[in-house]
Amino acid sequence: MTSENRSDLIPDTEKTNFIRDIINEDLRSGKYTKIITRFPPEPNGYLHIGHAKSICLNFGIAEDYKGVCHLRFDDTNPIKEEQEYIDSIKEDVRWLGFDWGEHEYYASEYFHTLHEWAIFLIKKGLAYVDDQTPEEIRINRGTLTEPGVNSPYRERSIEENLELFERMKNGEFAEEERVLRAKIDMASPNINMRDPIIYRILHAEHPRTGKEWCIYPMYDFTHGQSDAIEHITHSICTLEFENHRPLYDWFIEVLPVPAEPHQFEFARLNLTYTVMSKRKLLKLVKDKLVNGWDDPRMPTISGMRRRGYPPEAIRNFCDKIGVAKANSTVDFAMLESCIRDELNKTADRYMAVLDPLKVVITNYPENQEDWFDADMNPEDPNAGTRKVKFGKELYIDREDFMENPPKKYFRLAPGAEVRLKHAYYVTCTDVIKDAEGNITEIHCTYDPESKGGSSPDNRRVKGTIQWVNAKEAVTAQVNLYDKLFTEENPDRTDEGKTFIEYMNPDSLTVIKNAKLEPALKDIPNDKAVQFIRLGYFIKDKDSKENALIFNRTVGLKDSWAKIQNKN
RNA sequence: UGGGGUGUAGCCAAGUGGCUAAGGCACCUGCCUUUGGAGCAGGCAUUCGCAGGUUCAAGUCCUGCCACCCCAGCCA
């Protein structure tokens, strides 16, 4: 091996984890002079936040070390895989902000090489065709504590194996009738080494190779070799493959592969109040317990996109949670914090009310109107300002008025004065009710001196609430989301329940009659905004010109709710 | 009961024998505020799963123990 020290490639970064330590060492020692990683999804479902961790790790390393990251579809099981998933995966990786350039690969492109390598193994006496039934194979594999027993077909001649494997390939056998196995050690304490199956018969059409094959290589016979073919230097996967590493290394050792990749394992991401297994997510979709893979309550990348999570926030989250080998469950609040942090810096502010309560400013002249300058984002002076129009009749949120307020309630109440954001101070003078005693309207007076939101006498007004002008407000549907599960760990089984039974019946609240500042009507679909005091929102893809729909991405931190919960 | 892993705060997570155990989330004070948002200041592990041992010095090394996770698909 030529040994060139490329420690110059080691990035100056605060990101630190055991994988980067290994890479740094490999660069210093001259083991590698260029880093090549890969993200290897199986196209059998949509990507979720757990995949985002792997994507950020693999593509992030490639970026930082001036290397490349391949996007490789692990498409060895045509029964579960579909083109729809391939398309969604590419869209999601791209949306997260990563670029695989020309390096888009498919394990299925290597089927011919893999097939040749299988024959190579047979010729070396290191693989054989087994005629046992699945049941027999299972029984003879032994258990965790007992060794397996050799297949009666284990010592077939190389010629017979070659012929049988050829006939398998030619479609002469039914599924489950025969398999090709590596001949390793049926007594190995590592079950993966007990003559693992490397080829099975599947009379299924493949999304990419069509009907060309009826035998398909297993994951273990595919992954490492694909890594070798692509000259991957660091093949990073999750912990459950740790037991497979000896097998990975065995194939690399024994086969005439063009490179010697190495596998490293890290702990997959778990998040509180959500499930991450593709099987479970698929069930939620298939059983229509959610509205598709991109339901904003789903932990899928597409769900988060529709929910309004910015890709930068997801990437930042992946950086913050770190990469280690200990199983862990990250607090959902950590993700939300990253979302708010990003949105606080970037989202323009607008005013909206979710549950409109009419306010009449009794001393405001009938035909007067005021235009106020409202800052788009107090965090970003460059965001500029917009004009908002004030009027005699407004809407405020019903939550922002209480007839009998508790202590420390800073909002509107009879006799209380509040600031209407960007506009005037108002004081509540009357409460109007219907026959049932429901509050239908409140009357206020305004202080003309407080124009713009501050008064010459500098008197303190504790509360500031948002409002919209009744005359020009636009009506919209607003979707509020809560956790999909009520249980921190929906995967728990100790109560004898399934994850479905932990679903939160109130995970979606649809508000039909929200009133919005008119400017919101023309907001682009992918532009995140803040509704002042209510949270961050994004226009839903089903939103129409005359049927606006906004999804709440995440609420603002609510210290008032916290105070109330204490009492 | 075989093999492979992992244990640092409520949750992530640095730490590679040597100054007072990083940082973030959450939480708690106080300040500030035209969003009860944001921001600012401070607090929050006498101790690193437990017990021994080595050393002038141990979260880091050694021994033993405990707990949890993964593996018996012709899934990946």
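Worth saying up front: this structure is predicted, and the values here are computed from it rather than measured. What's counted below: heavy atoms across the whole structure, side chains too, no hydrogens, waters or symmetry copies.
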For [X], report the nucleic acid contact type (base, sugar-phosphate, nothing); a contact means any heavy atom under 4.0 Å.
{"X": "A:T222", "result": "nothing"}
{"X": "A:K278", "result": "nothing"}
{"X": "A:E242", "result": "sugar-phosphate"}
{"X": "A:R194", "result": "nothing"}
{"X": "A:S454", "result": "base"}
{"X": "A:Y409", "result": "base"}
{"X": "A:K421", "result": "base"}
{"X": "A:V323", "result": "sugar-phosphate"}

Gap between atoms [atom1] and [atom2], on [X] and [N] respectively (whole Å):
{"X": "A:N565", "N": "B:rC27", "atom1": "CG", "atom2": "P", "result": "11 Å"}
{"X": "A:R20", "N": "B:rU16", "atom1": "CZ", "atom2": "P", "result": "19 Å"}
{"X": "A:N270", "N": "B:rC68", "atom1": "CG", "atom2": "C1'", "result": "13 Å"}
{"X": "A:Q263", "N": "B:rG5", "atom1": "CD", "atom2": "P", "result": "12 Å"}
{"X": "A:L534", "N": "B:rG36", "atom1": "CG", "atom2": "C1'", "result": "13 Å"}
{"X": "A:F410", "N": "B:rU33", "atom1": "CZ", "atom2": "P", "result": "14 Å"}
{"X": "A:K345", "N": "B:rU35", "atom1": "NZ", "atom2": "P", "result": "20 Å"}
{"X": "A:F264", "N": "B:rG5", "atom1": "CZ", "atom2": "C1'", "result": "16 Å"}

Are [X] and [Y] close enough that a side-chain donor and a side-chain acceptor fall under 3.5 Å?
{"X": "A:R38", "Y": "A:H223", "value": "yes"}
{"X": "A:E84", "Y": "A:Y46", "value": "yes"}
{"X": "A:Y536", "Y": "A:E342", "value": "no"}
{"X": "A:N190", "Y": "A:S188", "value": "no"}

Minimal non-hydrogen separation, [X] against [Y], with atom names:
{"X": "A:D491", "Y": "A:K280", "result": "OD1-NZ, 2.6 Å"}
{"X": "A:R419", "Y": "A:V461", "result": "N-CG1, 3.4 Å"}
{"X": "A:I252", "Y": "A:G224", "result": "CD1-O, 3.6 Å"}

Suppose you measure atom [atom1] in [N] against the same atom in [M]; what distance do you get, rounded to whole Å?
{"N": "B:rU63", "M": "B:rU6", "atom1": "P", "result": "16 Å"}
{"N": "B:rU47", "M": "B:rU8", "atom1": "C1'", "result": "9 Å"}
{"N": "B:rA58", "M": "B:rC50", "atom1": "C1'", "result": "16 Å"}
{"N": "B:rC61", "M": "B:rG3", "atom1": "P", "result": "23 Å"}
{"N": "B:rC62", "M": "B:rC25", "atom1": "C1'", "result": "37 Å"}
{"N": "B:rU55", "M": "B:rA45", "atom1": "C1'", "result": "25 Å"}
{"N": "B:rA9", "M": "B:rC44", "atom1": "C1'", "result": "8 Å"}
{"N": "B:rC69", "M": "B:rA26", "atom1": "C1'", "result": "25 Å"}

- Message: With nearest nucleotide decided by heavy atoms, which residue, A:G463 or A:N17, maps closer to the 5′ end of RNA chain B?
- Response: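 Counting from the 5' end, the first nearest nucleotide belongs to A:N17.
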- Residue whose closest nucleotide on RNA chain B lies nearer the 5' end, A:F18 versus A:S450: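 Of the two residues, A:F18 wins.
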- Query: Donor-acceptor pair, A:T238 side chain versus A:R268 backbone, under 3.5 Å?
  - Reply: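 Between the backbone of A:R268 and the side chain of A:T238 there is no qualifying donor-acceptor contact (under 3.5 Å).
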Report the nucleotide, chosen from [options], that has the shortest atom-to-atom distance to any side-chain atom of [X].
{"X": "A:L556", "options": "B:rG37, B:rC12, B:rA26", "answer": "B:rG37"}
{"X": "A:D331", "options": "B:rG10, B:rU33, B:rG36", "answer": "B:rG10"}
{"X": "A:I563", "options": "B:rG24, B:rU6, B:rG36", "answer": "B:rG36"}
{"X": "A:I321", "options": "B:rC12, B:rA14, B:rU35", "answer": "B:rC12"}

- Task: Map every base of RNA chain B to its dot-bracket character, where paired means a Watson-Crick or G-U wobble contact with both distances under 3.5 Å and | marks a partner outside the strand.
- Result: .(((((((.[[[..)..(....]]].(((((.......))))).....[[[[[..)....]]]]])))))).....
- Query: Is it true that A:K80 and A:E42 make a salt bridge, defined as a side-chain N closer than 4.0 Å to a carboxylate O?
  - Reply: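 No, this pair does not count.
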- Can A:E81 and A:R208 be counted as an ion pair, charged N to O under 4.0 angstrom?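 Answer for the salt bridge query: no.
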- Message: If the glycosidic angle sits within 90 degrees of zero it is syn, else anti. Tell me which applies to B:rG73.
- Response: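 Judged by the O4'-C1' to base torsion, B:rG73 sits in syn, the angle falling within 90° of 0.
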- Message: Whether A:R181 engages the ring of A:Y153 as a cation-pi pair (distance to the six-membered ring centre under 6.0 angstrom, angle to the ring normal within 45°) should be assessed.
- Response: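 Not flagged: A:R181 not positioned over aromatic ring of A:Y153.
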- Do A:R411 side-chain and B:rG36 base share a donor-acceptor contact under 3.5 Å?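 Counting by modelled atom types and ignoring angles, a donor-acceptor contact under 3.5 Å is found here.
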- Examine the base of B:rG37 for any acceptor or donor lying under 3.5 Å from a partner atom in the side chain of A:E379, and report the outcome as yes or no.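 It does, because a donor-acceptor pair links the side chain of A:E379 to the base of B:rG37 below 3.5 Å.
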- Query: Applying the ring pair (Phe, Tyr, Trp, His ring centres under 6.0 Å) test to A:Y199, which of A:F173, A:W213, A:F111, A:F165 qualifies?
  - Reply: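 For A:Y199, the ring pair (Phe, Tyr, Trp, His ring centres under 6.0 Å) check succeeds only for A:F165.
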- Residues two or more places apart in sequence or in another chain: which of them pass side-chain hydrogen bond (donor to acceptor under 3.5 Å, both in side chains) with A:K557?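 For A:K557 there are no side-chain hydrogen bond (donor to acceptor under 3.5 Å, both in side chains) partners, ignoring immediate neighbours.
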Counting only side-chain N and O atoms of [X], is one of them less than 4.0 Å from OP1 or OP2 of [N]?
{"X": "A:K320", "N": "B:rA13", "result": "no"}
{"X": "A:S328", "N": "B:rA13", "result": "yes"}
{"X": "A:S559", "N": "B:rG37", "result": "yes"}
{"X": "A:K562", "N": "B:rC28", "result": "yes"}
{"X": "A:T272", "N": "B:rC11", "result": "no"}

- Message: Protein within reach of the bases, or only the backbone? For nucleotides 69-76 of chain B, mark each nucleotide 5' to 3' as B, S or -, using heavy atoms under 4.0 Å.
- Response: SBBBSBSB
